[in-house]
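As structure tokens, the structure follows; a few thoughts come after it.
No experiment lies behind these values; they were computed from the predicted model shown.
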Amino acid sequence: MLTNNPEYWISKLGLIAHPEGGYYRRTYQHEEKISDQELSVQFDGQRLLYTSIYFLLRSQDISHFHRLKSDELWYFHAGSPLTIHVIHEDGTYEEAKLGSNLENNETLQFLVPKNSIFGSSVMEQGTFSLVGCMVSPGFDFQDFELFTQKDLLALYPEHYEVIQKIAYEQIPVELTV
């Protein structure tokens with residue numbers, strides 16, 4: 001069945017590689033803009049009120065630990081469950097399972113709070129997960145921060161195992177430009 005193949009979704013939805021890992025395409029952006037004067041977060045200039053993307057992660061991919069200055073609401077669409085790994089501002093770790101099996105403690109949507117460090121992975125081998133992500137204020141690469149294992153282990157040594165798995169050992173050169 002074609003819909004069980006991640007290449008089908010990548011092609012049909014026009015997804016492209018994302019710097020954090022996986023594939024994405026912006027599906028909507030609200031035309032209104034907002035400045036940080038109305039918010040409790042600071043950024044340069046204005047941001048769209050909100051943006052939305054499709055995001056696909058294959059089991060051999062990792063969405064590496066990163067941080068946004070905005071809340072990000074995740075929605076499950078298709079495929080296998082996705083694990084979202086979150087290190088909150090206070091240093092606590094949370095793991096959420098995004099999926100459709102509610103009896104298995106999966107949830108159809110999950111909020112990653114602004115300023116949290118987070119990434120995601122697909123646990124079932126040979127599968128993928130297709131989700132949607134809505135960011136408010138809207139996503140801007142100026143507000144996107146990637147982390148290395150060394151960076152995070154200095155701050156959160158108690159989360160060694162997940163940091164080793166989800167953070168970049170070294171941020172690829174093409175992402176540092």
Side-chain angles (χ1 to χ4, degrees), residues 1-29 50-68 70-88 92-136 138-139 141 144-149 152 156 158-172 174-175:
M1 182 179 227
L2 286 177
T3 58
N4 288 333
N5 181 340
E7 302 309 320
Y8 168 85
W9 294 102
I10 291 168
S11 173
K12 286 293 187 186
L13 296 175
L15 307 180
I16 60 172
H18 195 293
E20 78 194 46
Y23 299 85
Y24 81 107
R25 182 174 65 88
R26 184 173 280 188
T27 57
Y28 184 78
Q29 62 183 36
Y50 62 91
T51 57
S52 185
I53 65 168
Y54 285 128
F55 182 65
L56 184 139
L57 198 63
R58 302 172 303 175
S59 56
Q60 68 265 32
D61 302 322
I62 293 175
S63 168
H64 292 87
F65 272 131
H66 60 287
R67 177 169 45 205
L68 300 178
S70 301
D71 288 341
E72 184 167 14
L73 189 56
W74 291 58
Y75 303 91
F76 181 77
H77 290 307
S80 296
L82 180 78
T83 302
I84 303 171
H85 308 270
V86 183
I87 301 174
H88 292 277
T92 58
Y93 172 74
E94 179 180 9
E95 187 176 287
K97 301 281 188 207
L98 201 62
S100 60
N101 186 346
L102 305 182
E103 300 303 315
N104 196 31
N105 294 321
E106 295 171 10
T107 184
L108 293 169
Q109 64 184 37
F110 180 77
L111 177 70
V112 175
K114 66 183 176 192
N115 298 319
S116 297
I117 296 168
F118 65 103
S120 59
S121 59
V122 177
M123 304 307 282
E124 295 179 28
Q125 292 302 310
T127 64
F128 70 95
S129 183
L130 175 64
V131 301
C133 300
M134 193 275 296
V135 177
S136 179
F139 179 84
F141 273 105
F144 178 75
E145 184 180 6
L146 284 169
F147 294 91
T148 65
Q149 293 170 357
L152 292 178
Y156 309 108
E158 68 274 23
H159 304 310
Y160 177 85
E161 286 184 34
V162 71
I163 288 170
Q164 288 292 109
K165 179 181 176 187
I166 303 298
Y168 276 115
E169 184 175 332
Q170 190 173 341
I171 297 175
E174 65 269 15
L175 300 182

Point to revise | Ser52 backbone acceptor or donor facing Thr27 side chain under 3.5 Å | key: yes
Check your understanding: How far apart are the C-alpha atoms of Tyr50 and Tyr28, what are their side-chain angles, what is the distance that settles it, and do they pass the side-chain contact (heavy atoms from CB on, under 4.5 Å) test?
Key -> CA-CA 8 Å; Tyr50 62 91; Tyr28 184 78; 3.6 Å; yes
Exercise for review: Give the ring-plane orientation class for Phe141 versus Phe139, where under 30° counts as parallel, over 60° as perpendicular and anything between as tilted.
Suggested key: perpendicular
Practice item. Taking His64 for its side chain and Glu20 for its backbone only, find out whether a donor-acceptor pair lies under 3.5 Å. Key: yes
Exercise for review: Of all the heavy-atom pairs spanning Phe65 and Gly119, show the shortest one and how long it is.
Suggested key: CD2-N, 3.6 Å
Exercise for review: Considering non-hydrogen atoms only, spot the tightest contact between Phe147 and Ala167 and give its length.
Suggested key: O-CB, 4.0 Å
Check your understanding: Does Arg25 use its side chain to pair, donor to acceptor, with the backbone of Leu13 at less than 3.5 Å?
Key -> yes
Exercise for review: Tell me, yes or no, whether the heavy-atom count around Phe76 atom CZ, taken from other residues, nucleotides or ligands under 6.0 Å, exceeds 12.
Suggested key: yes
**Study point:** For Ser70 against Gly138, the heavy-atom pair lying closest together
**Key:** OG-O, 4.4 Å
Practice item. Give a yes or no on whether the backbone of Ser80 and the side-chain of Ser129 come within a donor-acceptor separation of less than 3.5 Å. Key: yes
Review point. Is the backbone of Glu124 close enough, under 3.5 Å, to the side chain of Thr127 for a donor and an acceptor to pair up by distance?
Key: yes
Point to revise | Close side-chain approach of Tyr23 to Phe55, heavy-atom, < 4.5 Å | key: no
Check your understanding: Does anything in residues 109-119 pair up under side-chain hydrogen bond (donor to acceptor under 3.5 Å, both in side chains), and if so which pairs, sequence neighbours excluded?
Key -> Ser40-Lys114
Study note, to complete from the structure: So CD of Glu169 and OG1 of Thr148: to nearest 0.5 Å the spacing works out to 9.5 Å
Check your understanding: Between the main-chain N or O of Phe144 and the side-chain N or O of His66, is there a donor-acceptor pair closer than 3.5 Å?
Key -> no
Revision key, fill the gap. Rounded to the nearest 0.5 angstrom, the NE2-OH distance for His159 and Tyr93 is 9.0 Å
Exercise for review: With the side chain counted from C-beta on, respond yes when His88 and Val86 share a heavy-atom pair under 4.5 Å apart, and no when they do not.
Suggested key: yes
**Study point:** Salt bridge flag under 4.0 Å for residues Arg58 and Glu7
**Key:** yes
**Study point:** Beyond-backbone contact of Leu56 with Pro6, side-chain heavy atoms, under 4.5 angstrom
**Key:** yes
Review point. Does some side-chain heavy atom of Leu152 sit less than 4.5 Å from a side-chain heavy atom of Ile117?
Key: yes
Check your understanding: What is the minimum heavy-atom distance between Leu108 and Ser100, and which atoms define it?
Key -> CD2-CA, 3.9 Å
Practice item. Find the distance between OG1 (Thr83) and CE (Met123) and round it off to the nearest 0.5 Å. Key: 5.0 Å
Exercise for review: Answer whether the closest heavy-atom distance between the side chains of Glu72 and Phe118 falls below 4.5 Å.
Suggested key: yes
Revision key, fill the gap. Nearest heavy-atom approach of Leu130 to Tyr54 is CD1-CB, 4.4 Å
**Study point:** Flag, side chain of Asn101 to backbone of Glu103, donor-acceptor distance under 3.5 Å
**Key:** yes
**Study point:** Shortest non-hydrogen separation from Tyr24 to Ala17 and the atoms involved
**Key:** CE2-O, 3.6 Å
Point to revise | Between His85 and Ser121: side-chain donor-acceptor atoms closer than 3.5 Å | key: yes
Review point. Does some side-chain heavy atom of Leu82 sit less than 4.5 Å from a side-chain heavy atom of Ser120?
Key: yes
Point to revise | Glu95 atom CD: more than 12 heavy-atom contacts under 6.0 Å | key: yes
Check your understanding: With sequence neighbours excluded, what pairs up with His77 under the side-chain hydrogen bond (donor to acceptor under 3.5 Å, both in side chains) test?
Key -> none
Check your understanding: Can you tell if the side chain of Tyr168 reaches within under 4.5 Å of the side chain of Leu146, non-hydrogen atoms only?
Key -> yes
Review point. Is the number of heavy atoms from other residues, nucleotides or ligands within 6.0 Å of OH (Tyr160) greater than 12?
Key: no
Review point. With side chains defined as the heavy atoms from C-beta onward, is the minimum distance between Val131 and Leu98 less than 4.5 Å?
Key: yes
